[in-house]
2 protein chains.
Amino acid sequence: MNQLQDPVPVSRATLKRLPVYHLFLKELQAKGRDVVSCTRIAEALRLEPTQVRKDLAATGIVGRPRIGYQMPELLTSIETFLGWNNANEAVLVGAGNLGSALLGYGGFTEHGLSIVAAFDASPAKIGTEIHGVPVLDVAKLPDLVQRLNIHLGIITTPAPAAQAIADLLVESGVQAIWNLSPTYLEVPAEVIVENTQLAASLAVLSNRLAANLHH
Amino acid sequence: MNQLQDPVPVSRATLKRLPVYHLFLKELQAKGRDVVSCTRIAEALRLEPTQVRKDLAATGIVGRPRIGYQMPELLTSIETFLGWNNANEAVLVGAGNLGSALLGYGGFTEHGLSIVAAFDASPAKIGTEIHGVPVLDVAKLPDLVQRLNIHLGIITTPAPAAQAIADLLVESGVQAIWNLSPTYLEVPAEVIVENTQLAASLAVLSNRLAANLHH
DNA sequence: TAGATTGTTAATCGATTAACAATC
DNA sequence: TAGATTGTTAATCGATTAACAATC
């Protein structure tokens, strides 16, 4: 329901907070709560109640004054909004340490991501399985992506290989790339790229830690 | 709330872009360029030249009109500002898939991070080494952190264990936590927490991909 | 009812972008 | 010089926060 057509465009900031709410709500639900207010969420997560309210409203949920939101309804609303309950199939390229970690992560399935195949250039890995996912030759990527109509590619290769892999994914028809390699990727404007630079997260932390130690 | 008394308060957004510039500049340097302008950086990274200029200015670099910035000087300026050239020692807790991936990542050393020990609760792992880093019993964490005066802890445990580990790290004197577990951590206000929620990155991507597919 | 909470509009804050003078 | 680029101030934009009426 409430599929408002072209509703308020949701800010990236809101999009990043929604999974955090989801996490917190799951924990709360496990403790037996079946109703929750923005006030409570905001307090626990050190945010402003109004911000939480706006974020939740973006998912289409409607609450009840004096009461709050029904827990299962709220969780479902967030999940639906984030596209977590209609699985996205994805391929992963680069079955090294980080790639293997993601293949073994497990938690992605409940967030609507299913990695159906991994690709690598190393002959030693090709033909094996990592955490149950087959590792294939990169040469087979275009065919598989097209046949299975895969929309999402995950890049966990070393930096020097990443751009060529991105090109290959785009040529094969992938519409979104999750880039975990330490590179800036050049792709056509219509392709969505989400960069998760582990070094960048670290940079923020290092800088703030250094500032702290000076006091 | 955050009373950093730096000369110029640097926005978190700037802090996140600096490593991207660094990455791009390293690639450019490898191609033999030894001077670069904001115009060029902005064009390659699809940003506004003014934004690049302000970001770089935050690191203290001074450029020359008509010319731009000297490459080695600019790289050093970014590295120094981010604290990448005076190593931070860190411990990692949770030597599972993701933890092992980080231990094997290698790229962190050049960003000023040195993981000196890993901790795990599993007897099978204790006493082993992963990518050259010893895996120790969590019981030994407080002593080691205090003795070596470690400031930074990295949490890669499953969600249920994360809060207890965070408490332990804080008690032991750690001042910053890089949390890669899917949990929201409660810590004292003076402790810096940087959350890298892999699921959250994914959430942003899923949502935008879903929106795209509807068109 | 009284009071807590939602939903929404208005004000504030901060970051981005534009404009432009200074400089080499 | 002429023109590209820096550095900086002002304007704009967007997100957060505050205020408040509606509601149960």
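The sequence lines fix the lettering, A, B, ..., with proteins before strands; numbering per chain opens at 1. Remember, it's a predicted structure, so these values are computed and weren't measured experimentally.
A donor-acceptor contact closer than 3.5 angstrom links the side chains of B/D167 and B/Q163.
Map B/I67 and A/D55 each onto its nearest nucleotide of DNA chain D; the residue landing nearer the 5' end is B/I67. With the nearest nucleotide of DNA chain C identified for both A/G68 and B/E48, A/G68 has the one nearer the 5' end.
The side chain of B/K54 lies closest to C/dT17, out of C/dT17, C/dT6, D/dA18. When each of D/dT6, D/dA15, C/dG7 is scored by its nearest atom to the side-chain atoms of B/C38, the top-ranked nucleotide is D/dT6. Which of D/dG7, C/dA18, C/dT8 sits closest to the side chain of B/T50 comes down to C/dA18. Checked against C/dA19, D/dG3, D/dA15, the side chain of B/R66 finds its nearest nucleotide in D/dG3.
For the pair A/L56 CG and C/dT8 P, the computed distance is 13 Å after rounding to whole Å. One can place CZ of A/R46 at 19 Å from C1' of D/dT17, the figure rounded to the nearest angstrom. With rounding to whole Å, A/R40 atom CZ is found 15 Å from C/dA4 atom C1'. The distance from atom OH of A/Y69 to atom C1' of C/dT5 is 9 Å, rounded to the nearest whole Å. The NZ-P distance, from B/K16 to C/dG14, rounds to 19 Å in whole Å. For the pair A/R12 CZ and C/dA15 C1', the computed distance is 15 Å after rounding to whole Å. Rounding to whole angstrom units, CD of residue B/Q51 and C1' of D/dC13 are separated by 13 Å.
A donor-acceptor distance shorter than 3.5 angstrom exists from the side chain of A/T156 to the backbone of A/G94, with no hydrogens or angles considered. A/Y184 contributes a side-chain N or O that, together with a main-chain N or O of B/L45, makes up a donor-acceptor pair within less than 3.5 Å. B/E43 contributes no side-chain N or O that, together with a main-chain N or O of B/E48, makes up a donor-acceptor pair within less than 3.5 Å. B/T80 contributes no side-chain N or O that, together with a main-chain N or O of B/S77, makes up a donor-acceptor pair within less than 3.5 Å. Between the side chain of A/E171 and the main chain of A/A166, no donor-acceptor pair closer than 3.5 Å is present.
Among the heavy atoms of the strands lying under 4.0 Å from B/R17 are primed sugar atoms or P, OP1, OP2 only; no base atom is included.
Between A/E194 and A/K16 there is a salt bridge, since at least one side-chain N of the basic residue sits less than 4.0 Å from a carboxylate O of the acidic one.
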Fill in: Base-pair map of DNA chain C as dot-bracket, where | denotes pairing with a different strand and pairs are Watson-Crick or G-U under 3.5 Å
..||||||||||||||||||||||

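Under 4.0 angstrom from either OP1 or OP2 of C/dT6 there lies at least one side-chain N or O belonging to A/R53. A sub-4.0 Å separation between OP1 or OP2 of C/dA22 and a side-chain N or O of B/R64 is absent.
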